[in-house]
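Numbers here are sequence positions counted from 1.
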Amino acid sequence: MVAKIHSEKPPAKLHRPSWDDYFMNLAQHVATRSTCLRHHVGAVLIRNKRILATGYNGAPSGMKHCLEIGCIRDQLKIPSGTKQEICRAIHAEQNAIVQCAVYGVSSNESTLYITHQPCTICAKIIINAGVKRIVFQKPYPDAYAQSLLKEAGVKLERWLSKG
């Protein structure tokens, strides 16, 4: 027999994070897996409040990470925000979208939560993946990426921590 326990006081009001806070917190946690020496970026793709895929920035599968061999961008003195193609890492949002492709999960009509605003290359991939909304934490100075997303009708929203 199970005994019933009665509390004399009702429990304190439980704080539940908003969906945006919840998913952004997950993206921040995913970023802890990053192997980039410059930026730790995490992404979570969501549809209907369900996780479709996650991604973080790092070397392609099976290849050595920058943590192991160093950063080619640092070695060549390439400033942040330029020449993204000269980088060993795949961006977090690219990895999340690739995970959807590998496992046969549609990213159409999804929301992307990401710790850093997407670059131009990622913006084009995001548009073609059918993502309709992006929630990001840290800005990235790429006006062209922003204009592409706007033209494609992808909502771009900055998340500000309430904590």
Side-chain angles (χ1 to χ4, degrees), residues 20-47 51-161 163:
D20 284 346
D21 290 348
Y22 174 69
F23 291 126
M24 186 56 75
N25 288 332
L26 289 175
Q28 291 170 338
H29 189 68
V30 170
T32 65
R33 290 282 306 153
S34 170
T35 60
C36 177
L37 297 172
R38 287 184 171 196
H39 303 285
H40 290 225
V41 183
V44 181
L45 267 172
I46 305 296
R47 186 176 51 245
I51 298 169
L52 303 176
T54 64
Y56 54 87
N57 55 333
S61 295
M63 296 180 68
K64 291 188 179 204
H65 293 279
C66 298
L67 287 173
E68 301 168 272
I69 62 171
C71 175
I72 189 170
R73 294 178 59 80
D74 283 346
Q75 294 162 12
L76 298 175
K77 297 181 180 17
I78 298 171
S80 184
T82 64
K83 299 182 181 179
Q84 288 103 344
E85 71 279 5
I86 302 175
C87 180
R88 192 164 188 83
I90 297 171
H91 289 187
E93 55 271 62
Q94 293 172 7
N95 264 328
I97 291 167
V98 167
Q99 290 303 305
C100 283
V102 167
Y103 293 103
V105 177
S106 173
S107 57
N108 199 39
E109 301 292 325
S110 64
T111 295
L112 174 69
Y113 291 85
I114 187 157
T115 57
H116 294 63
Q117 185 177 336
C119 69
T120 295
I121 295 167
C122 290
K124 292 186 274 187
I125 292 169
I126 288 165
I127 291 164
N128 275 8
V131 175
K132 295 301 176 194
R133 179 176 176 240
I134 300 168
V135 180
F136 69 95
Q137 182 180 5
K138 296 177 183 175
Y140 185 73
D142 191 335
Y144 189 56
Q146 294 172 32
S147 70
L148 288 172
L149 293 166
K150 182 176 181 179
E151 181 182 344
V154 178
K155 293 179 186 173
L156 185 62
E157 302 171 19
R158 182 151 185 210
W159 176 83
L160 299 171
S161 174

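- In terms of modelled atom types and a separation under 3.5 Å, the side chain of Glu68 and the main chain of His65 share a donor-acceptor contact.
- The CD1 atom of Ile126 sits 10.5 Å away from atom CG of Leu148, with the distance rounded to the nearest 0.5 Å.
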**Request:** Check the pair Lys150, Leu156 against side-chain contact (heavy atoms from CB on, under 4.5 Å), reporting the backbone distance first and the verdict last.
**Result:** CA-CA 8 Å; Lys150 182 176 181 179; Leu156 185 62; over 6 Å; no
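- A search for ring-ring contact (aromatic ring centres under 6.0 Å, His included) contacts involving His29 returns nothing, not counting sequence neighbours.
- Taking 4.5 Å as the limit, every side-chain heavy atom of Val131 sits out of range of all side-chain heavy atoms of Ile127.
- Closest of all the heavy-atom pairs between Pro118 and Ala145 is O-CB, 3.7 Å.
- The line from SG of Cys122 to OH of Tyr140 is 9.0 Å long, rounded to the nearest 0.5 Å.
- Separating the CD atom in Glu157 from the OG1 atom in Thr111 is a distance of 8.0 Å, to the nearest 0.5 Å.
- A heavy-atom distance below 4.5 Å is not found between the side chains of Ile51 and Leu45.
- Taking each heavy atom of Ala31 and Gly42 in turn, the nearest pair found is CB-N, 3.4 Å.
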**Request:** Assess whether side-chain contact (heavy atoms from CB on, under 4.5 Å) is satisfied between Lys138 and Gln117, documenting all intermediate values.
**Result:** CA-CA 6 Å; Lys138 296 177 183 175; Gln117 185 177 336; over 6 Å; no
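- Under a cut-off of 6.0 angstrom, the local environment of CD1 in Ile72 is sparse, with at most 12 non-hydrogen atoms contributed by other residues, nucleotides or ligands.
- Here the straight-line distance linking atom OG of Ser106 with atom CG of Leu52 works out to 8.0 Å at 0.5 Å rounding.
- At a threshold of 4.5 Å between non-hydrogen side-chain atoms, the residues Val41 and Ile114 count as touching.
- Taking every heavy atom of both residues into account, Ala43 and Ala96 meet most closely at CB-CB, 4.4 Å.
- Distance alone, capped at 3.5 Å, is enough to place a donor-acceptor pair between the Arg47 side chain and the Asn108 backbone.
- The backbone N or O of Glu109 sits nowhere less than 3.5 Å from a side-chain atom of Arg133 that would complete a donor-acceptor pair.
- The two residues Pro79 and Arg38 come nearest to each other via the heavy atoms C-NH1, 3.9 Å.
- Just one residue in the list Leu26, Ile46, Ile134, Thr54 forms a side-chain contact (heavy atoms from CB on, under 4.5 Å) with Tyr113, and that residue is Ile46.
- A distance of 8.5 Å separates CG in Leu149 from OG1 in Thr120, rounded to the nearest 0.5 Å.
- Of all heavy-atom pairs spanning Gln75 and Ile69, the tightest one is NE2-O, 3.8 Å.
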**Request:** Please report the C-alpha distance between Phe136 and His116 in whole Å, then the side-chain angles of each, then the deciding distance to 0.1 Å, and finally whether the side-chain contact (heavy atoms from CB on, under 4.5 Å) criterion is met.
**Result:** CA-CA 6 Å; Phe136 69 95; His116 294 63; over 6 Å; no
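- Note that the SG atom of Cys100 and the CG atom of Asn95 stand 11.0 Å from one another [nearest 0.5 Å].
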**Item:** Intermediate values then yes/no, side-chain contact (heavy atoms from CB on, under 4.5 Å), Leu76 and Ile86
**Value:** CA-CA 9 Å; Leu76 298 175; Ile86 302 175; 4.0 Å; yes
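- At least one donor-acceptor pair under 3.5 Å links the side chain of Asn57 to the backbone N or O of His39.
- Arg73 places no side-chain N or O within 3.5 Å of a backbone atom of Arg88 that could act as its donor or acceptor partner.
- The backbone N or O of Gln137 lies less than 3.5 Å from no partner atom in the side chain of Thr115, so there is not a single donor-acceptor pair.
- Across all non-hydrogen atoms, the minimal contact from Trp159 to Val135 is CB-CG1, 3.6 Å.
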